[in-house]
Structure formats: C-alpha cells, structure tokens
Number of protein chains: 2
Amino acid sequence: MAQSETVDRILDAAEELFAERGFSETSLRMITGRARVNLAAVNYHFGSKKSLIQAVFARFLTPFCLALEQSLDRLEAESSPHPPSLESLLKVLTQTVVAMPRHHDRSIAIYMRLQGLAYTQSQGHLREFLENEYSRTFGRFMGLLKEATPQLSAVERYWRIQFMLGATAFTMSSSEALSDILKNKLGVETAVEEIVARLVPFLTAGMQADPVRG
Amino acid sequence: MAQSETVDRILDAAEELFAERGFSETSLRMITGRARVNLAAVNYHFGSKKSLIQAVFARFLTPFCLALEQSLDRLEAESSPHPPSLESLLKVLTQTVVAMPRHHDRSIAIYMRLQGLAYTQSQGHLREFLENEYSRTFGRFMGLLKEATPQLSAVERYWRIQFMLGATAFTMSSSEALSDILKNKLGVETAVEEIVARLVPFLTAGMQADPVRG
DNA sequence: TCTGGACTCAAACGTATGTTTCAAACAAAT
DNA sequence: ATTTGTTTGAAACATACGTTTGAGTCCAGA
C-alpha cells in the first residue's frame with residue numbers, strides 16, 4: 001500500500017475537494033473523476049470513504065505534529081527556566097504551519113480549511129481518529145498555553161482558547177474566499193503568511209484582556 | 001401558507017436537526033419523522049429542501065434584524081453626536097441576540113449554531129439568500145464598526161472583523177458541546193449569556209490591539 | 001516461460017435520498 | 001347536501017451514493 005501513484009492522486013484530489021465542498025458533499029465519484037482513477041480504487045486502497053478522510057488528515061497532520069514537537073522542544077530550551085510566553089507560543093505554532101512543505105501554492109489554505117472542517121462538520125469518526133492519533137502533541141501545547149496565562153482562571157482560559165481556535169479555524173478555513181473578496185473591494189493581495197501575522201497580535205491581545213471576573 | 005400546525009412542526013424539527021447534524025446530513029425523512037407529519041408535507045408547504053433551509057433561517061433572522069435595527073437606532077441616538085463605541089456596539093449586538101424570544105431553552109444555542117453552519121457548510125443558495133434578505137442590517141452594523149475603529153486601516157479592520165466573526169460563530173456553533181466538555185472537566189455549568197459576556201472583552205481587546213503596520 | 005500477487009476496470013448491487021403522484025380526507029362556503 | 005379549494009396520506013419515481021464483484025492487466029520472481 002506504500003507509494004502508489006494512484007494513492008497519491010486520490011489523496012490530492014480528495015484533499016482539494018473536501019476543502020472546497022466538505023466531506024458529505026463530496027462523492028467518491030467526484031474524487032476519482034478529478035484524480036482520473038477508477039472508482040473502485042478508493043475502496044481498494046483505503047477500504048472506505050471514512051478511512052480516506054482519515055488518510056487525508058494523517059498525510060499532513062503526522063509530519064506537522066512532528067515538526068511542532070521539535071519547535072516546542074527548541075522554544076522550551078531557549079526560554080528555560082521560564083515557561084515560553086504566550087506570544088512566542090502562538091508564533092511558533094503559526095510558523096510551524098507556514099513552514100510545512102507544500103505540494104503546491106494552495107496547500108496551506110487547504111490544510112487550514114480541512115482543520116476547520118474537522119471541527120465543524122459532524123463526522124464522529126474523524127473526531128475520534130484525531131483524538132486517538134494526535135492528542136499528545138495537542139495536550140502538550142495546551143499545557144504550555146496554561147503556563148503562559150497564569151492570570152486566567154481555568155474557566156476563563158478554556159473559553160478564550162475556544163475563541164482563539166474559532167478565530168483561527170474560521171478565518172483560515174475561508175482564507176481564500178476572504179482574500180478574493182478583499183482583492184475585489186480594495187485591490188489588495190493577501191498571502192496566508194500575512195493573515196497569520198495579523199492574527200497573532202489579535203489573539204494575544206484577546207487572551208490578555210482583563211477577565212470579566214476573578 | 002400562513003400558520004399551519006404542520007408548517008410549525010416541520011420548522012421546529014428541522015431547526016433542531018439541522019443544528020445537531022448539519023444540512024446535508026439531515027434527511028427530510030428524519031425531519032418529518034420527528035415532526036410526526038407526512039414526508040410529502042415538506043415539498044407541499046416549502047417546495048424543496050433548499051427552501052425549507054431558508055425558511056428556518058428566515059423565521060429567526062427576520063425578527064432578529066428588526067430588533068437589531070431598533071437597538072442600533074437607540075444606541076445611535078444615545079451616543080449622538082459621537083458614533084457608538086466599539087464595546088457598546090458589541091454589547092448591543094449580543095444583548096439583542098440574548099433578548100430574542102425563544103421557543104424553548106435551547107433556542108439561542110440552536111440559532112447560534114445555525115448561524116455558524118451558514119458560514120461553514122457550503123450551501124451556495126443559503127449564502128445568496130442571506131445576502132439578498134439581510135444585507136442592509138448587516139451593512140449598517142459594519143458601517144458603525146468602521147466608525148468605532150478609526151485607528152485601523154481598511155485592510156486591518158477587514159481581517160479583524162473576520163477574526164471576531166470566526167471566534168463568535170465557531171464558539172457559538174459548538175457552544176453546547178463545549179459547555180458539556182467544560183462541565184465534565186471542571187464541573188462548571190455555563191449559559192449562553194455567560195459565554196457572550198466572556199466573548200465581548202476578548203473581541204474588544206483584540207480589535208484594539210496595536211496593528212502590525214501603519 | 002510460467003506463476004502468483006498486486007492492481008485496474010466496467011459493471012452491477014443495494015440503499016437512501018429528494019421529489020412527484022394521485023386518491024382520500026377535510027373545511028368552509030354556497 | 002353539494003361543491004370547491006386546501007391539506008394529508010401511502011406509494012412510487014428517478015437519481016445518486018458507497019460498496020462489491022469478477023474478469024482482465026501488469027510485472028517481478030522462479
């Protein structure tokens with residue numbers, strides 16, 4: 001099952017179509033059509049549509065989590081003995097995203113959108129899969145986030161993390177469409193790198209706002 | 001087509017099911033099953049599934065926009081001759097949401113989740129419908145937002161509004177699930193009112209962060 | 001050259017979907 | 001009581017979906 005040309009073609013097509021249209025709205029026939037492979041190839045190589053969805057995520061999430069772990073190692077070493085600051089954590093996260101090797105120009109936007117869809121579309125099996133596979137890296141980052149915001153109560157921190165997650169996932173999941181709108185309105189081109197550069201100060205300020213209660 | 005018992009039952013069931021499962025993942029048979037009406041009733045009363053989706057939105061968005069317009073009238077009158085502040089705008093928005101008449105306890109959470117889904121699920125007809133019907137109120141609010149943040153460049157403001165929208169839509173669209181998680185973890189109950197109370201300072205601080213460039 | 005496993009292909013299968021049909025039931029007005 | 005227009009009901013329709021099948025192709029190793 002290693003590196004078949006067909007497998008990659010399916011993954012490429014599925015990645016794009018899932019990002020464009022969502023999971024349920026994308027049929028295997030659309031995928032195999034764009035990939036120019038036979039319909040049965042999906043079930044032959046992946047077993048089912050659910051497994052294909054998971055495989056799409058695994059292909060970019062596994063190397064990403066590895067890279068993030070290394071980035072966090074470096075950051076923790078640098079700032080030792082103090083815990084990393086909130087801003088440095090967010091910067092490391094976004095830079096690790098941006099630094100990921102990409103198949104083509106739109107790769108980052110696609111990954112971001114997929115990540116957003118993972119939270120929004122109610123695909124129970126996906127949640128479970130991501131939880132099982134990537135909870136360790138995720139948990140490590142959350143722990144560091146906690147150390148970086150000691151002034152927040154656990155409840156306040158919980159909700160603010162959701163706010164951050166929402167702002168990021170939502171914006172990134174529509175980054176291409178939003179960039180196009182902005183171009184039509186003001187004639188300005190925007191790269192993903194610039195969006196995340198604008199995102200970090202926004203999130204940092206939000207996290208450091210005065211809490212509503214102790 | 002006015003106020004048939006059947007029509008309301010369908011709208012109630014559709015509202016809940018769409019919020020729980022999304023649009024494509026909810027079949028007309030599920031809806032008519034929960035509403036205990038005949039399958040054909042949907043197409044008879046609404047014409048199509050698409051129109052039903054739009055009707056669900058219209059039922060809560062039309063009175064909401066009316067209420068928001070009035071709230072904005074009041075706010076503008078109060079703060080005249082100065083434009084309303086950013087925080088007052090956000091507060092008015094959230095309070096208008098919270099003050100909406102509700103069919104039952106979960107109504108707000110359901111409306112919020114539907115609003116989030118409207119942005120996330122790729123239902124082209126929905127976007128078009130919302131644009132046609134509610135762009136005036138939406139545009140008015142955006143204009144006031146602009147007056148309230150004169151220090152931001154048009155580009156910076158554009159992106160930060162997207163960040164706000166994302167944090168709100170994302171959090172609200174999963175508010176019930178997130179509240180449940182928090183209850184399991186820390187044993188704390190959370191009402192929608194409390195979430196938006198925490199949201200406003202976060203967004204205000206984010207909007208007022210120092211821009212990355214002039 | 002032969003063999004066997006990996007892969008591709010066209011076709012079909014079973015099921016679920018949105019929609020349509022048309023007769024029956026109902027309500028209100030004549 | 002009869003008629004008229006509206007609403008319901010069970011059934012069927014056409015289509016699209018994920019999946020399976022089985023014959024065919026390819027190619028490395030014996």
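A quick note: this is a predicted structure, and the numbers were derived from the prediction, not measured. Lettering follows sequence order; numbering is per chain, from 1.
- Mapping A:A40 and B:A40 onto DNA chain D by nearest heavy atom places B:A40 closer to the 5' end of the strand.
- For the pair A:R160 and A:E156, the salt-bridge criterion is met [side-chain N within less than 4.0 Å of a carboxylate O].
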Per-nucleotide protein contact along nucleotides 23-28 of chain C, 5' to 3', at a 4.0 Å heavy-atom cut-off (B base, S sugar-phosphate only, - neither), is ------
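- In this model, a donor atom of one side chain and an acceptor atom of the other lie less than 3.5 Å apart for A:S24 and B:E25.
- For the residue pair B:S179/B:T190, the side-chain donor-acceptor check at 3.5 Å is not satisfied.
- Side-chain polar atoms of A:E69 and A:T137 form a donor-acceptor pair below 3.5 angstrom.
- Between B:S27 and C:dA16 there is no side-chain N or O to OP1 or OP2 distance below 4.0 Å.
- Between the CD atom of A:E25 and the P atom of C:dG18 there is a distance of 12 Å, rounded to whole Å.
- Protein atom CG of A:L39 is 14 Å distant from nucleotide atom P of C:dA12, rounded to whole Å.
- Side-chain contact, A:T62 with A:Y134: a donor N or O sits under 3.5 Å from an acceptor N or O.
- Rounded to whole angstrom, the span from the CD1 atom of A:I31 across to the P atom of D:dT19 amounts to 11 Å.
- Summarising the geometry, the separation between CZ on A:F46 and C1' on D:dT19 is reported as 16 Å, rounded to the nearest angstrom.
- Atom CZ of A:R29 and atom C1' of C:dC13 are 11 Å apart (whole Å).
- With respect to A:E15 and A:R59, a salt bridge is recorded, a charged nitrogen being found less than 4.0 Å from a carboxylate O.
- A centroid separation of 6.0 Å or more is found between the aromatic rings of A:F170 and B:F170.
- If you take CG of A:N38 and C1' of C:dT8, they are 6 Å apart, rounded to a whole angstrom.
- Atom CG of A:L28 is separated from atom P of C:dA16 by 17 Å (rounded to the nearest Å).
- Taking atom CG on B:N43 and atom P on D:dA12, their separation rounds to 18 Å, with Å as the unit.
- Nearest-nucleotide positions on DNA chain D place B:T6 closer to the 5' end than the other of A:S24 and B:T6.
- Minimum atom distance to the side chain of B:H45 is reached by D:dT8, of the listed C:dT17, D:dT19, D:dT8.
- Nearest nucleotide to the A:K49 side chain, out of D:dT19, D:dT7, C:dA6: D:dT19.
- Among the protein residues, B:T26 comes within range of the sugar-phosphate backbone only, with heavy atoms under 4.0 Å from sugar or phosphate atoms but none that close to a base.
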